[in-house]
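Below you'll find the structure, written out as structure tokens, and then a few comments.
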Amino acid sequence: MAFTSEQIDSITTLMDVYIAARRPPEHMRAQLDLGWRFDGLSLFIFEIRPQWNDHSVILHHDFAKATWVESKKQWNIYWHRASGKWQVYEPLQWAGNLQRFLLEVTKDPHHCFRG
């Protein structure tokens, strides 16, 4: 089941505020920035960086993922391993709301999301 337009608006507002509060200063954003996106029922948070050997190539590196599970009314939480695979975030495998997911990503007590 897809999100309703009201849910999308609510999620977009929350995520835009979250990202805006954590973006680096304007003068650094060409070297490092943050973003987010939807893909179906999953939401991704990512770093935006130029490729190390070709600064004209801009890369998006996903580091946190939350997937909505309608039947359970929860967001399943994942972190991106160096292998390129998504791993269930064991300390908090799910959150009842998106704010709880974002709090865990911000705190990152196990250094899974941002290293």
Side-chain angles (χ1 to χ4, degrees):
M1 179 175 129
F3 291 115
T4 66
S5 60
E6 292 83 19
Q7 289 171 316
I8 291 171
D9 289 345
S10 176
I11 292 168
T12 298
T13 299
L14 178 66
M15 291 307 300
D16 287 348
V17 168
Y18 177 82
I19 294 296
R22 285 155 185 82
R23 290 179 77 189
E26 186 81 34
H27 70 277
M28 293 179 60
R29 292 181 187 168
Q31 296 303 310
L32 173 66
D33 205 351
L34 292 177
W36 73 278
R37 74 175 188 286
F38 274 126
D39 186 359
L41 295 177
S42 293
L43 181 146
F44 296 85
I45 304 174
F46 55 87
E47 287 185 343
I48 305 165
R49 294 178 176 263
Q51 185 170 300
W52 71 274
N53 61 350
D54 183 354
H55 289 240
S56 67
V57 177
I58 304 301
L59 303 173
H60 291 193
H61 298 282
D62 297 330
F63 63 85
K65 173 182 170 182
T67 299
W68 179 249
V69 180
E70 181 65 30
S71 62
K72 295 182 179 181
K73 303 288 190 219
Q74 69 186 31
W75 291 93
N76 288 350
I77 302 172
Y78 304 90
W79 62 285
H80 202 233
R81 297 186 58 92
S83 67
K85 295 184 180 184
W86 287 102
Q87 174 79 36
V88 171
Y89 182 66
E90 292 294 334
L92 181 68
Q93 296 180 14
W94 61 271
N97 59 55
L98 205 47
Q99 292 89 337
R100 182 64 182 101
F101 162 68
L102 295 174
L103 177 63
E104 194 68 19
V105 171
T106 301
K107 290 183 349 185
D108 197 9
H110 300 278
H111 308 285
C112 292
F113 300 111
R114 302 291 302 267

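Across every non-hydrogen atom of Pro50 and Ala30, the tightest pair is CD-O, 3.5 Å.
Taken to the nearest 0.5 Å, the CD1 atom of Ile48 stands 10.5 Å off from the CG atom of Leu59. Taken to the nearest 0.5 Å, the NZ atom of Lys85 stands 10.5 Å off from the NE2 atom of His80. Residue Leu43 holds its CG atom at 8.5 Å from OG1 of Thr67, rounded to the nearest 0.5 Å. Interatomic distance, NE2 of His60 versus CG of Asp33, reported as 9.0 Å (0.5 Å rounding).
Residue Trp86 is not grouped with residue Leu102 when hydrophobic side chains (ILVMFWY) are merged at heavy-atom distances under 4.5 angstrom, including chains of intermediate members. Hydrophobic clustering, with ILVMFWY side chains joined whenever heavy atoms are under 4.5 angstrom apart, keeps Leu14 apart from Phe46.
Between Tyr18 and Leu34 the shortest side-chain heavy-atom distance does not fall below 4.5 Å. Considering only heavy atoms from C-beta on, Ile19 comes within 4.5 Å of Ile45 through its side chain. Within the 4.5 Å cutoff, the side chain of Met28 has no heavy atoms near those of the Arg23 side chain. Residues Arg114 and Phe63 are in side-chain contact: their nearest non-hydrogen atoms beyond the backbone lie under 4.5 Å apart. In this structure the side chain of Ile58 never reaches within 4.5 angstrom of the side chain of Gln51, judged on heavy atoms. The side-chain heavy atoms of Leu98 and Met15, taken from C-beta on, include a pair separated by under 4.5 Å.
Here the two rings, on Phe38 and Phe44, have centers that are 6.0 Å apart or farther.
For the pair Arg49 (side chain) and His61 (backbone), a donor-acceptor distance under 3.5 Å is absent. Distance alone, capped at 3.5 Å, is enough to place a donor-acceptor pair between the Asp108 side chain and the Cys112 backbone. Under a 3.5 Å cut-off, the side chain of Asn97 and the backbone N or O of Arg100 do form a donor-acceptor pair.
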**OP:** Could you give me the CA-CA distance, side-chain angles and deciding distance for Thr12 and Trp36, then say whether side chain to side chain contact (heavy atoms under 4.5 Å, CB included) is met?
**Re:** CA-CA 9 Å; Thr12 298; Trp36 73 278; 3.8 Å; yes
Just distance, no hydrogens or angles: give the donor-acceptor pairs under 3.5 Å from side chains in residues 71-79, sequence neighbours left out.
| residue | atom | partner | partner atom | Å |
| --- | --- | --- | --- | --- |
| Lys73 | NZ | Glu70 | OE2 | 2.1 |
| Gln74 | NE2 | Asn76 | OD1 | 2.9 |

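Screening residues 90-115 for ring pair (Phe, Tyr, Trp, His ring centres under 6.0 Å), with sequence neighbours left out, gives Tyr89-Phe113.
With no hydrogens or angles considered, no side-chain donor-acceptor pair links Asp9 and Gln7 at under 3.5 Å.
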